[in-house]
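Protein chains get the first letters and strands the later ones, always in sequence-line order, with residue 1 at the start of each. On a predicted model such as this, the values are computed, not experimentally measured, just so you know.
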There are 2 protein chains.
Amino acid sequence: MFDQIIETLHQRGFRMTPQRLLVLQILQDAGRHLTPQEIFGQTQRILPAMTEATVYRTLSFLTEQGFILAAHIGNGQLVYEIAGHNHHHLICRACGATQQIDHQFLESLYQQFRSKTGYQIDSLHVTFFGLCPDCQKN
Amino acid sequence: MFDQIIETLHQRGFRMTPQRLLVLQILQDAGRHLTPQEIFGQTQRILPAMTEATVYRTLSFLTEQGFILAAHIGNGQLVYEIAGHNHHHLICRACGATQQIDHQFLESLYQQFRSKTGYQIDSLHVTFFGLCPDCQKN
DNA sequence: CCTGCTATTGCAAGTAGTTACAATAATGAA
DNA sequence: TTCATTATTGTAACTACTTGCAATAGCAGG
Ligand SMILES: [Mn+2]
Ligand SMILES: [Mn+2]
Ligand SMILES: [Zn+2]
Ligand SMILES: [Zn+2]
């Protein structure tokens, strides 16, 4: 299932473990943003020996390696999801409604950053806040 | 010094307090991003009775009210600064070098969001990650 | 298969940030 | 000025997240 990820890990000198595989599986199955606590809740049922510290370390690691995506969604807590389709989010400050935005919309911006500063931006999961159409009326 | 902020607070039914004034003063004097812990370090010297809980609550409050700006700068920790000129940041994942970007660069993007989804975006302090020119060579 | 190297984990203690609740104090009205 | 209202604070307990260290276990190589 995650053969490509395992191979990439090995090429980079890292190892695949049951813990990492489980976190990937959980995020894959969920198909949505999950908090570290939600993920820990799931791991406990399947690998009871796995600790919270390992969940956090695994999430940081998989994010660094680019296999999963992290996002700050307002309440301060980080959420994670499996990497796959490149997208960003619009979140309403008032009601929390979210809207996905394809990465394509940011590409010319990133290109501008590049020509202006030389920075090669690779933020593939940015969150923008504002007001949704409904909440603008109130 | 913060007369305008005090008046706005009162109009919205909130109060000015020595604690809030001190946090504003600290951020004003610093003129850069500060962590909650750095701010607490400063408040202790001037208002020793002020607690960490109040620092965190004050920072959240002032951010909600739009008087200060928050930013996630990679290490997971939030940093704050006084609101004033609208800008965003590019941060190098490898060496941490940062670059400011004027908000003007994002305006047409926000306008696109508006026509496409109806969302009125007001994120005035976005952080983008990538590689700076130097780190791209290595 | 074994074996050795060392990346990764569990553990336990530490730091960071949040929250319920009762006491305090900023404000507006008398 | 004085008083009443209630937003805000301090306290203390709680939850979230991090880290140093010794034990464990992937996996590359023989
Ligand atoms: Mn997402
Ligand atoms: Mn800034
Ligand atoms: Zn809304
Ligand atoms: Zn760099």
Side-chain angles (χ1 to χ4, degrees), chain A residues 2-26 33-65 67-68 70-80, chain B residues 2-24 26 33-44 46-65 67-68 70-80:
Chain A
F2 296 106
D3 300 342
Q4 178 54 57
I5 289 179
I6 293 172
E7 190 181 330
T8 304
L9 274 188
H10 289 174
Q11 282 170 1
R12 297 178 186 170
F14 301 112
R15 299 171 183 176
M16 182 47 76
T17 65
Q19 293 89 343
R20 287 175 178 173
L21 217 41
L22 178 55
V23 168
L24 285 168
Q25 193 65 61
I26 288 169
H33 296 165
L34 293 179
T35 65
Q37 296 301 319
E38 287 175 312
I39 293 164
F40 180 57
Q42 302 247 8
T43 62
Q44 278 187 301
R45 292 200 252 123
I46 299 171
L47 283 185
M50 186 171 174
T51 61
E52 266 181 297
T54 298
V55 171
Y56 284 106
R57 276 187 297 220
T58 300
L59 290 170
S60 299
F61 174 80
L62 294 175
T63 302
E64 274 168 26
Q65 299 301 316
F67 303 130
I68 66 178
H72 292 279
I73 57 163
N75 49 28
Q77 243 189 103
L78 267 181
V79 293
Y80 295 86
Chain B
F2 295 107
D3 301 341
Q4 178 54 58
I5 289 180
I6 294 173
E7 189 181 329
T8 305
L9 274 189
H10 289 175
Q11 282 171 0
R12 296 178 186 170
F14 300 112
R15 299 171 183 176
M16 182 48 75
T17 66
Q19 293 89 342
R20 287 175 179 172
L21 216 41
L22 178 55
V23 168
L24 286 168
I26 288 169
H33 296 166
L34 294 179
T35 65
Q37 296 301 320
E38 287 175 313
I39 293 165
F40 179 56
Q42 302 246 7
T43 62
Q44 278 188 301
I46 300 171
L47 282 185
M50 185 171 173
T51 61
E52 266 181 296
T54 299
V55 171
Y56 285 108
R57 276 186 297 219
T58 300
L59 290 170
S60 299
F61 174 79
L62 294 175
T63 302
E64 274 168 26
Q65 298 302 314
F67 304 130
I68 67 178
H72 292 279
I73 57 163
N75 48 30
Q77 243 190 115
L78 266 182
V79 294
Y80 294 87

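- Between Thr43(A) and Ile26(A), the shortest heavy-atom contact is CG2-CD1, 3.6 Å.
- Taking the side chain as every heavy atom from C-beta outward, Arg12(A) and Thr8(A) approach each other to under 4.5 Å.
- For Gln44(B), there are no side-chain hydrogen bond (donor to acceptor under 3.5 Å, both in side chains) partners, not counting sequence neighbours.
- Partners of Thr51(A) under the side chain to side chain contact (heavy atoms under 4.5 Å, CB included) rule, at least two apart in sequence or in another chain, are Ala53(A), Thr54(A).
- Along DNA chain D, the stretch of nucleotides lying under 4.0 Å from any heavy atom of chain A spans, 5' to 3', dA16(D) to dA28(D).
- First and last contacts of DNA chain C with chain B, using any nucleotide atom under 4.0 Å from a protein heavy atom and ordered 5' to 3', fall at dA16(C) to dT27(C).
- Residues meeting the salt bridge (Lys or Arg N to Asp or Glu O under 4.0 Å) test with Glu52(A), sequence neighbours left out: none.
- Taking Thr17(A) as the reference, Gln19(A) meet the side-chain hydrogen bond (donor to acceptor under 3.5 Å, both in side chains) condition, with sequence neighbours excluded.
- Annotation: of the two residues near DNA chain C, Leu9(A) and Pro36(B), the 5′-most nearest-nucleotide partner is Leu9(A).
- For Ile6(A), the side chain to side chain contact (heavy atoms under 4.5 Å, CB included) criterion is met by His10(A), Met16(A), not counting sequence neighbours.
- For the residue pair Glu64(A) and Ser60(A), no side-chain donor N or O sits within less than 3.5 Å of a side-chain acceptor on the partner.
- For Glu38(B), the salt bridge (Lys or Arg N to Asp or Glu O under 4.0 Å) criterion is met by Arg32(B), not counting sequence neighbours.
- Counting all heavy atoms, side chain and backbone alike, Tyr56(B) lies closest to Gln37(B) at OH-NE2, 2.7 Å.
- When all heavy atoms are compared, the tightest approach of Ala70(A) to Leu78(A) is CB-CD2, 4.2 Å.
- Residues Phe67(B) and Leu9(B) form a side-chain contact, since some pair of their non-hydrogen atoms from C-beta on lies under 4.5 Å apart.
- Within residues 38-47 of chain A, no residue approaches DNA chain C, by heavy-atom distance under 4.0 Å.
- Ring orientation note: the planes of His72(A) and His72(B) are close to parallel, at an angle under 30° on the 30°/60° scale.
- Taking the side-chain hydrogen bond (donor to acceptor under 3.5 Å, both in side chains) definition, one finds that Thr63(A) meets it with nothing, sequence neighbours left out.
- Fit an axis to the five pairs at each end of the helix from dC1(C)-dG30(D) to dA30(C)-dT1(D) and the two axes sit 40° apart, to the nearest 10 degrees.
- Residues from residues 48-65 of chain B placing a heavy atom under 4.0 Å of any atom in DNA chain C, listed by number, are Ala53(B), Tyr56(B), Arg57(B).
- In terms of heavy-atom proximity, Phe40(A) sits nearest to Met50(A) at CE1-O, 3.5 Å.
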